[in-house]
Amino acid sequence: VAATPPCVDGPVAGTPQPDATAGVTRVDFTFAHVVDGRCRTLVTQVRTPAGATTALPLLLAIHGADGDPSRLEPLLDVWTSAGYIVAAPTFRTTKKDATGKALKTEIAQQAADARFVLDELLDRATAHQIDDREVGVAGMSLGGMTVYGLISHTCCQDGRIGAAIVMAGVHDDFPDGRYVHQKMPVLLIQGDADIGYQHSRDAYPQLAPPKWFITLH
């Protein structure tokens, strides 16, 4: 992984390396931007099918609270092998309140960070072999709430996103704004033994079709 750069324009890239799955190549980029006078850096794993010669759809993958992309690595490799470029940022440790619940301002900031990473990738879409007309987003747990923000909340919506997957996602209020109907297909996945199952159950009726909800028993 490249060293953390100062907050200047342009990413710093690491050396391409084979990933755990044959046929998948990964490069770690370090993106940096200034938020409230402080530099925020986001090391982002970008997986590409080895030998790809044409522009491919992009899938932005967002991990859960205090996690990192390595926890989703087998899934990210499967998506890449299926013909997607998969970008997975590592977000900062989530600030929490006295009860251990993530601060709502943190989720809004994570959505802003995700949009920034998307900006950086799409600004260089040709170099990264990305088809900028085909962009999806997927999130796990608290990352799922970030996805809800990106697709269906006035605080954080990003019109470049054309499809979404929410895996065991948290569905809660953001500091400002409101939920609205999204304009892209959405797939929810969650196990019914998960203590947060009600999040997907309650969020599903609020989503506009086309939509799907898979319950894992």
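Keep in mind that the numbers below use all heavy atoms, side chains included, and drop hydrogens, waters and symmetry copies.
- Shown are His33, Arg160, Arg124; of these, the side chain to side chain donor-acceptor pair (under 3.5 Å) with Asp119 is made only by Arg160.
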Run the numbers on His153 and Val180 for side-chain contact (heavy atoms from CB on, under 4.5 Å), then give the verdict. CA-CA 6 Å; His153 200 281; Val180 295; over 6 Å; no
What's the verdict on side-chain contact (heavy atoms from CB on, under 4.5 Å) for Leu188 and Leu207, showing C-alpha distance, side-chain angles and the deciding distance? CA-CA 10 Å; Leu188 307 188; Leu207 298 169; 4.0 Å; yes
Between Asp68 and His63, does a side-chain hydrogen bond (donor to acceptor under 3.5 Å, both in side chains) hold up when you go through it step by step? CA-CA 6 Å; Asp68 64 77; His63 62 73; over 6 Å; no
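- Note on Arg47 versus Glu73: salt bridge recorded, some NZ/NE/NH1/NH2 to OD/OE distance being below 4.0 Å.
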What verdict does the salt bridge (Lys or Arg N to Asp or Glu O under 4.0 Å) test give for Arg71 and Asp66, after you've listed the backbone C-alpha separation in whole Å, the side-chain angles of each residue and the deciding distance to 0.1 Å? CA-CA 11 Å; Arg71 300 190 183 188; Asp66 302 339; over 6 Å; no
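- Taking both residues in full, the closest heavy atoms of Tyr148 and Ala203 are given as OH-CB, 3.4 Å, listed atom of the first, atom of the second, then distance.
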May I have the step-by-step check of side-chain contact (heavy atoms from CB on, under 4.5 Å) for Leu76 and Val86, ending in yes or no? CA-CA 7 Å; Leu76 305 184; Val86 180; 3.9 Å; yes
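- Closest non-hydrogen pair, Gly162 versus Pro185, comes out as O-CD, 3.4 Å.
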Decide side-chain contact (heavy atoms from CB on, under 4.5 Å) for Leu122 and Ile130; before the verdict, give the C-alpha distance in whole Å, the side-chain angles of both, and the deciding distance to 0.1 Å. CA-CA 7 Å; Leu122 296 184; Ile130 294 170; 3.9 Å; yes
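- A donor-acceptor pair shorter than 3.5 Å can be found between the side chains of Asp194 and Gln190.
- Note on Lys104 versus Asp176: no salt bridge recorded, every NZ/NE/NH1/NH2 to OD/OE distance being 4.0 Å or above.
- Checking Gln110, Gln109, Arg115 one by one against Asp113, the side chain to side chain donor-acceptor pair (under 3.5 Å) holds for a single residue, Gln109.
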Test log, rule side-chain hydrogen bond (donor to acceptor under 3.5 Å, both in side chains), inputs Thr215 and Tyr197: CA-CA 9 Å; Thr215 294; Tyr197 180 69; 2.7 Å; yes
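- The two atoms that bring Asp202 and Gln206 nearest to each other are O-NE2, 3.4 Å, heavy atoms only.
- Counted by atom type alone, Tyr84 and Thr48 present zero donor-acceptor pairs between their side chains at under 3.5 Å.
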